[in-house]
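Input: a single structure, listed below in C-alpha cells.
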Amino acid sequence: MLLFKRKSQEVLQYAIRNAVMSRRSEHLKNLLKSHGSRHFAHALSGLSSRIIADVLTMLSVSERNNLLNGLSSDAYQRLLLLDQNMIQLLVNPSH
C-alpha cells in the first residue's frame, strides 16, 4: 500500500510539473478536481517552492487558499523564503 501511495504521488507530481511547464492551468485545475485538494497539496508539498508558487498563480483564489492550508509546514516555509528572496532581489538588485 505504501508503494502504491508513493507511486501515485510521484505520478501526480510529474503531471503537476508538466502542466506548469506547459502553462496549462486547465490541466492543473482538472488534476486538483480529480485528486482533491488534500492529495494535491500533499503532492505539491514535495515539489520545489518555485513549482509551488507557479501552481498557485495558475489557480483561483479559493483553490489557492485551499492548497495553502493543505501544504506541509516545510513546504509553506520554503514558499515564504522564496517570497522573501524575490523581495530582497527587487529591493537590492545588485546583490
Side-chain angles (χ1 to χ4, degrees):
M1 182 72 166
L2 181 61
L3 180 61
F4 175 74
K5 284 185 178 181
R6 175 182 244 146
K7 278 292 187 189
S8 173
Q9 183 174 331
E10 289 173 5
V11 169
L12 180 55
Q13 288 174 333
Y14 179 80
I16 291 170
R17 279 193 299 271
N18 282 340
V20 168
M21 298 304 232
S22 60
R23 303 300 298 165
R24 293 175 17 204
S25 61
E26 284 306 310
H27 186 62
L28 271 178
K29 291 177 183 196
N30 289 335
L31 288 169
L32 176 57
K33 186 177 181 180
S34 65
H35 291 278
S37 60
R38 182 177 176 189
H39 187 65
F40 193 92
H42 189 272
L44 200 57
S45 293
L47 296 172
S48 72
S49 53
R50 183 71 253 163
I51 295 287
I52 295 170
D54 286 346
V55 166
L56 295 175
T57 63
M58 295 170 72
L59 299 172
S60 71
V61 173
S62 62
E63 292 166 330
R64 193 177 312 148
N65 289 337
N66 286 336
L67 289 177
L68 283 171
N69 289 331
L71 285 177
S72 69
S73 58
D74 179 56
Y76 190 78
Q77 290 301 315
R78 285 186 284 129
L79 189 60
L80 292 177
L81 288 174
L82 177 69
D83 285 347
Q84 289 175 358
N85 290 337
M86 287 194 305
I87 290 169
Q88 183 64 26
L89 285 173
L90 291 172
V91 171
N92 195 0
S94 64
H95 289 125

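Just so you know, these numbers use all the heavy atoms, side chains as well, and skip hydrogens, waters and symmetry mates.
Separating the OG atom in Ser60 from the CG atom in Asn65 is a distance of 8.5 Å, to the nearest 0.5 Å. Going from atom CZ of Arg23 over to atom CG of Leu28 covers 8.5 Å, rounded to the nearest 0.5 Å. Taking CG of Leu31 as the reference point, atom CG of Leu44 lies at 11.0 Å (rounded to 0.5 Å). Distance check, rounded to the nearest 0.5 Å: CG of Leu71 to CZ of Phe40 gives 10.0 Å. Considering CG of Leu67 and OH of Tyr76, their distance stands at 12.5 Å, rounded to 0.5 Å. The distance from the NE2 atom of His27 to the CD1 atom of Ile16 is 9.0 Å, given to the nearest 0.5 Å.
Residues that satisfy the side chain to side chain donor-acceptor pair (under 3.5 Å) test with His42, not counting sequence neighbours, are Gln9. Contacts of Asn18 classified as side chain to side chain contact (heavy atoms under 4.5 Å, CB included), with partners at least two apart in sequence or in another chain: Tyr14. Looking at residues two or more places apart in sequence or on another chain, you find no side chain to side chain donor-acceptor pair (under 3.5 Å) involving Asn66. The side chain to side chain donor-acceptor pair (under 3.5 Å) check on Ser48 picks up nothing, with sequence neighbours excluded. For the side chain to side chain donor-acceptor pair (under 3.5 Å) test, no residue two or more places apart in sequence or in another chain qualifies with Ser73.
Applying the salt bridge (Lys or Arg N to Asp or Glu O under 4.0 Å) definition to pairs two or more places apart or across chains, those involving residues 59-79 are Asp74-Arg78. Counting only residues at least two apart or on different chains, no salt bridge (Lys or Arg N to Asp or Glu O under 4.0 Å) pair has a member in residues 32-43.
Side-chain contact between Leu82 and Ile52: absent, with no pair of heavy atoms (C-beta onward) separated by less than 4.5 Å. The side-chain heavy atoms of Leu32 and Ser37, taken from C-beta on, include a pair separated by under 4.5 Å.
Across all their heavy atoms, Leu12 and Ala43 have their closest contact at CD2-CB, 3.6 Å.
Judged by distance alone, with hydrogens and angles left aside, the side-chain atoms of Ser45 form a donor-acceptor pair with the main-chain N or O of Ser72 at under 3.5 Å.
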